[in-house]
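Below, read A as the first sequence line, B as the second, and so on, with proteins coming before strands; counting in each chain starts at 1.
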Amino acid sequence: MRSNLNAFNLVRESNFQELLKRLQQEPGVWQPLAGGTDVMVFLNAGKLTHKNFVDITTIAELQGIRVTPAHIEIGALVTYSETLDHELLQKEFPNLCHAARETGAPAIQNRGTLGGNVANASPIADSPPALLSYEAEVEVISTRGSRSIPYHAFHKSYKVTELAPDEIIRAVRLPRQSQDRVHFYRKVGTRRAQSISKTCLSLCLKRTSSKIESIAIGLGGVGAIPLRAAHTETLLTGKNPQSVVEDDVRLAIRKDCTPISDMRSTAEYRLGVTQNLLIDFLKKL
Amino acid sequence: MKTVSLHFCLNGNKVTTECLPMERLLDVVRNQCGNTGTKEGCGEGECGACSVLLDGVLVNSCLVPALQAQNKNVLTVEGLAGNKELSALQRSFFEHGGAQCGICTPGMLIAAESLLRKNKNPSEDDMRQALAGNLCRCTGYTRIFVAIEKAAQHLREGSCAPT
């Protein structure tokens, strides 16, 4: 424990309206705290710059998974464990369950939340590529009302999101698709558990017998934000996967991402592996 | 910063104590409550030496603000045996060499306890996944899995343990 605990405050809000009022009256002062699997790591390391936290874990409006005909709505407080245990999510949104299963290890999965993963906005988080592949929407709320942000527009730059200082994520909404989709998720890291990815690719596509009708590709670890591979999606849409030229795919991926070299990996490795993952996937399609 | 009062149930006993707002459950369990079985190995949720059950759920207590245990049940290694001398898992670790230096052992036992509560007949893959967040530098893990398997078998068969 490398922090001076006397410098930190934690209060609890159990009432949703009271929480929103607090965020509105003192914007930017109170940072929501849920499972703590990001915040407490920084606290333990002596690197937590924010000082005032509000425990939101008992707020009912942020909990639970709600199924409607058009959407599955995942409350911001839903944990990775709840996600991967949910039968309908397993069936219709396997990429997200795959991400949840590969996040940390069971003790982390029991505490970490989807809202926290999205709000923390790490470019190498495990859930974002899956959320991008499913064209998720983020419902955010404040005393001023609620709004729905397409997830692909939620991240603006490194760790900067669309969230205003008085806003909080209420839920992530996944539009339900027809059943004949192909799903893919691959996180490339150093271990089978407790690893931070070097690169991560997830996609969801709709196909006919001969071509890819539509495709959404989410990439993590190859830019300042989790991103959609827009050039690559354009290249592949309407194409027969077996007639796609490998070099065209490599070029499109290269246009889509800006990987860096850091302590975990190199730009060349990240780019090359991302290209390889997609090419291997297309060959087996 | 003023301390705040904290009431929770530790290993079946009601506890009332004080803690700083962002004090960790790990530190309250060890310091205020004197239960030093739960260890700090990494302080970042990677090693699992700090594993406890919070309302029956496996968590890394180094990452849990103690105040989130308000009015909840916490189980640490000290609580595993109940009113016996050792639990089936503890006895099995002892008999099958599941511990060497012992620093990971409280966390391993808690993670194994969590597994066996859900899965009475875990495969090796089940055990590896359930203990994926618990690191051991001594045993190479194989004796730990043998110990868990034997304990699970013992519990399924309801056979009497030698005292």
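- The closest side-chain heavy-atom distance from A/Leu10 to B/Leu20 is not below 4.5 Å.
- The minimum heavy-atom distance between A/Pro106 and B/Ala130, with the atom names listed, is CG-O, 3.8 Å.
- Using a 4.5 Å cut-off on side-chain heavy atoms (C-beta onward), A/Ile108 and B/Leu63 make contact.
- No side-chain heavy atom of B/Gln70 sits less than 4.5 Å from a side-chain heavy atom of A/Thr58.
- Looking at A/Asn110, its side chain never comes within 3.5 Å of a backbone N or O of B/Val57 through a donor-acceptor pair.
- In this structure a side-chain-to-backbone donor-acceptor pair under 3.5 Å is present from A/Gln194 to B/Gly45.
- The side-chain heavy atoms of B/Leu54 and A/Arg111, taken from C-beta on, include a pair separated by under 4.5 Å.
- For A/Ala193 against B/Ala132, the heavy-atom pair with the smallest separation is CB-CB, 3.6 Å.
- Counting heavy atoms from C-beta on, the side chains of B/Cys62 and A/Met40 never come closer than 4.5 Å.
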Item to check | side chain to side chain contact (heavy atoms under 4.5 Å, CB included) evaluation trace for A/Leu5 with B/Arg24 | outcome: CA-CA 10 Å; A/Leu5 288 179; B/Arg24 306 172 303 179; over 6 Å; no
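- Comparing A/Asp55, A/Asp38, A/Val39 by how many heavy-atom pairs each has under 4.5 Å with chain B, the most go to A/Asp55.
- Counting non-hydrogen atoms of other residues, nucleotides and ligands closer than 6.0 Å to CZ of A/Phe42 gives a total of 12 or fewer.
- Across A/Asn6, A/Thr37, A/Val11, A/Leu43, the residue that shares the most heavy-atom pairs under 4.5 angstrom with chain B is A/Asn6.
- Within the 4.5 angstrom heavy-atom criterion, only side-chain atoms of A/Arg192, from C-beta onward, approach chain B.
- A donor-acceptor pair is defined here as one N or O able to donate and one able to accept, closer than 3.5 Å; no such pair exists between the side chain of B/Asn60 and the backbone of A/Ala107.
- Residue-environment remark: NZ (B/Lys150) stays at or below the threshold of 12 foreign heavy atoms within 6.0 Å.
- Put simply, CE on B/Met1 and CZ on A/Phe8 are 9.5 Å apart, with the number rounded to the nearest 0.5 Å.
- By number of non-hydrogen pairs under 4.5 angstrom with chain A, the leading residue of B/Lys2, B/Glu46, B/Glu23, B/Gln68 is B/Gln68.
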